[in-house]
Amino acid sequence: MALHKGTPGRRDLDESPDFSINPLYGEANPVSGMTGRPPRHCLPDGPMAPTTAYQFVHDELMLDGNARQNLATFVTTWMEPQAGRLMSDCFAKNMIDKDEYPRTAELERRCVTMLGHLWHAPDPDAVVGCSTTGSSEACMLAGMAFKRRWAKRNPVSYPATARPNLVMGTNVQVCWEKFCDFWEVEARQVPMEGDRFHLDPQAAAELCDENTIGVVAVLGSTFDGSYEPVAEVCRALDDLQERTGLDIPVHVDGASGAMVAPFLDPDLLWDFQLPRVASINTSGHKYGLVYPGVGWALWRTTDALPEELVFRVDYLGGDMPTFSLNFSRPGSQVAAQYYTFVRLGREGYRAVQQQTRDVARSLAERIEAFGDFTMLSRGDQLPVFAFTTAEGIRDFDVYDVSRRLRERGWLVPAYTFPPNREDLSVLRVVCRNGFSEDLADLFLGDLGSLLPELRSQPAPMGKVAKAFHH
C-alpha cells in the first residue's frame with residue numbers, strides 16, 4: 001500500500017471552483033442548490049446530496065484501469081452476483097466480535113477445517129488456523145511463530161548474542177522482506193542462477209545454521225508462476241539434520257499455488273503430508289476466488305504455533321482467542337470464502353482452475369508463435385507465464401510492449417528479475433477466473449496489431465517507470 005503524503009499549500013475550499021450540477025447528473029444539493037464542490041484535500045463546509053457525492057466519486061474512479069483487463073494482478077476481479085450480495089450483507093459485521101457474530105466466527109472455523117482437509121493436516125478437524133486480511137499478514141504470523149519457537153529453544157543466546165535468520169529465494173513476495181525488517185530477522189536469500197528462477201534446495205540448506213528459524217518455500221513464484229520444489233527442500237533439510245542435528249521447519253507460502261495444486265496437481269507433494277512442513281498460507285482473494293481482503297494461515301499442530309502468541313481477550317463480554325495483526329475488519333470476505341467453498345466444491349474448483357490453466361497454456365503458445373518472444377514459463381503450474389523478447393530483437397523491448405498494451409487498456413507488467421538475473425527483463429501474464437478464451441483472443445489481437453509498429457521502431461524507447469509490484 002502506498003504511503004501517501006499531504007499536499008502542502010492546497011486549500012480546496014479557497015481554490016476549487018463551484019461546479020454546476022446538471023439536473024440529470026443527480027439530485028439537487030439541498031444546501032447549495034444547483035452547484036457543488038468536490039472535496040479533494042479539505043472537508044467541505046456542508047453536505048451534498050448522496051447521488052451527487054456518488055457521481056463525483058464514481059466519475060473520478062472511471063479513470064482507473066479496468067480490473068478485468070489487469071493481467072498483472074493475482075487478485076480476483078470477478079465473482080458471481082450472489083457472492084456480491086452476500087458480502088454486502090456482512091459489511092457491517094466486525095470479524096473480531098466473535099461473541100456478537102457467532103455464525104460468522106463459525107464460518108471462519110469451517111473454512112479453516114476445510115483447508116486442513118485439503119492440505120492433508122494430520123488432524124484436519126482440530127487444525128490450528130485463522131483468517132487474515134491476505135497472504136502478507138498470514139506470512140507475518142507464520143514468521144512470528146517461527147521466531148518464537150526458535151527463541152524458546154535458544155533462551156540463553158537470544159537476544160544477547162544470537163541473531164535469528166530466515167532462508168528463502170530472492171523471488172519471494174516482498175512481505176517476507178518486510179517481515180525480516182520489522183521483526184529484526186536476517187534475510188538469507190538464495191539468488192537465481194541461469195534458468196533456475198526460484199529456490200535451490202541444496203543452496204537453501206547450506207545457508208542454514210543454528211540460528212535459522214525456518215525456510216520459506218513458495219508454491220507459485222510471482223515472477224514466473226513456477227512451483228518451488230517443496231519436497232526436495234524438505235529432503236535437503238532432512239539430510240542436514242542427519243549430519244548436524246539441526247531441525248529446520250519449512251513454511252509453504254502458497255499464496256496462489258495452495259489453491260491450485262490440490263485440484264490440478266493432486267500427486268504433487270508439498271503440503272502437510274511432508275512432516276517438515278510446519279505451516280502454510282494462502283490468499284483466499286487470489287485463486288481462492290474471493291474479492292480482495294482475505295487470506296488464511298494454518299499450522300500443522302498446536303505445537304507449531306506457540307500458545308503465548310495466542311491472545312485470549314475479554315472483548316465485549318466474551319473470551320476470544322485471537323492471533324492476528326489486524327483487529328476490526330468486515331466479515332464479508334470470510335462469508336464469501338465459505339460461499340465459494342460450498343458453491344464450487346472440489347469438482348467446481350478443479351473445473352475453474354483447469355480452465356484458467358488451459359487459457360494460460362494456449363495464450364503462451366500463441367504468443368510464442370509470433371516469433372518475437374521467448375517463453376520462460378508456459379502456465380503449466382500456476383496459470384501464469386513470463387516471456388521476454390527473442391534473441392535478435394533489437395527494435396523494441398518488454399517495456400515498449402507493456403507501454404503500448406496499456407494504450408489498449410491491458411495492464412501487463414514489465415520488470416527485471418532479482419539477483420543474479422538482473423540482466424533479464426520480462427513480461428508476465430496472470431490468467432484468472434473471468435479471463436476467458438474470448439478475452440484472451442481479444443488480448444492476442446491487440447498484441448498482434450501492435451507488433452508491426454514496434455518492429456518498425458529505430459530502437460527501444462527505454463524503461464519509463466517501474467511497472468511491476470508483487
Side-chain angles (χ1 to χ4, degrees), residues 63-75 77-78 171 192 194-195 197 221-226 355-418 421-470:
L63 302 180
D64 274 343
N66 181 355
R68 294 286 296 282
Q69 287 184 280
N70 185 354
L71 303 183
T73 184
F74 285 77
V75 172
T77 55
W78 183 86
N171 58 303
M192 295 180 175
D195 293 332
F197 303 127
S221 172
T222 57
F223 281 91
D224 66 347
S226 62
Q355 173 66 14
T356 57
R357 180 179 281 182
D358 289 345
V359 170
R361 284 172 163 171
S362 172
L363 189 55
E365 183 178 330
R366 290 186 288 169
I367 288 175
E368 185 177 35
F370 283 129
D372 298 84
F373 303 104
T374 297
M375 312 309 296
L376 277 66
S377 55
R378 299 175 179 275
D380 50 4
Q381 292 182 327
L382 286 189
V384 174
F385 60 91
F387 57 103
T388 188
T389 49
E391 187 175 353
I393 297 296
R394 300 287 183 267
D395 303 318
F396 62 91
D397 59 18
V398 294
Y399 299 100
D400 292 330
V401 178
S402 177
R403 185 165 46 246
R404 294 303 307 275
L405 284 171
R406 186 180 288 264
E407 295 172 4
R408 306 292 181 94
W410 300 105
L411 305 180
V412 179
Y415 54 93
T416 302
F417 270 24
R421 288 307 313 268
E422 295 99 330
D423 60 306
L424 182 59
S425 296
V426 305
L427 295 150
R428 186 196 65 198
V429 171
V430 179
C431 298
R432 303 180 306 279
N433 185 34
F435 185 63
S436 62
E437 286 280 6
D438 181 57
L439 286 176
D441 287 344
L442 295 174
F443 169 75
L444 195 74
D446 282 340
L447 176 59
S449 69
L450 293 172
L451 283 175
E453 298 176 33
L454 291 170
R455 292 165 183 155
S456 66
Q457 289 184 175
M461 296 181 64
K463 183 177 179 180
V464 174
K466 185 176 181 180
F468 173 65
H469 302 280
H470 286 287

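What you see is a predicted model, and the numbers here were worked out from it, not measured in a lab.
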Test side chain to side chain donor-acceptor pair (under 3.5 Å) on S436 and D438 and set out the steps. CA-CA 5 Å; S436 62; D438 181 57; 4.9 Å; no

Using the side chain to side chain contact (heavy atoms under 4.5 Å, CB included) definition, which of the options V412, V401, L411 pairs with R406? L411

Looking at every non-hydrogen atom in both residues, tell me the closest pair between [X] and [Y] and how far apart they are.
X    : Y    : value
P460 : R394 : CD-O, 3.1 Å
Y415 : T222 : OH-O, 4.0 Å
Q457 : D395 : NE2-O, 3.0 Å
E437 : D358 : OE2-O, 4.3 Å
A360 : G379 : CB-CA, 4.1 Å

Which residues satisfy the ring-ring contact (aromatic ring centres under 6.0 Å, His included) test with F443, sequence neighbours excluded?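 Result, ring-ring contact (aromatic ring centres under 6.0 Å, His included) vs F443: W410.
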
Keeping [X] on the side-chain end and [Y] on the backbone end, is there a donor-acceptor pair under 3.5 Å?
X    : Y    : value
S456 : E453 : yes
R428 : A72  : yes
S377 : D224 : yes
R68  : G434 : yes

How many angstroms lie between atom CG of D400 and atom CD1 of I393, to the nearest 0.5 angstrom? 11.5 Å

OG1 on T73 to CZ on R432, rounded to 0.5 Å: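 So the CZ of R432 and the OG1 of T73 are separated by 6.0 Å.
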
Do [X] and [Y] have side-chain heavy atoms sitting under 4.5 Å apart?
X    : Y    : value
E365 : M375 : no
R455 : F396 : yes
I367 : L444 : yes
M192 : F223 : yes

Within 6.0 angstrom of D64 CG, more than 12 heavy atoms from elsewhere: yes

Could you pull out every donor-acceptor pair under 3.5 Å between side chains of residues 383-391 and any protein atom, sequence neighbours left out?
from: T388; atom 1: OG1; to: S425; atom 2: O; distance (Å): 2.7

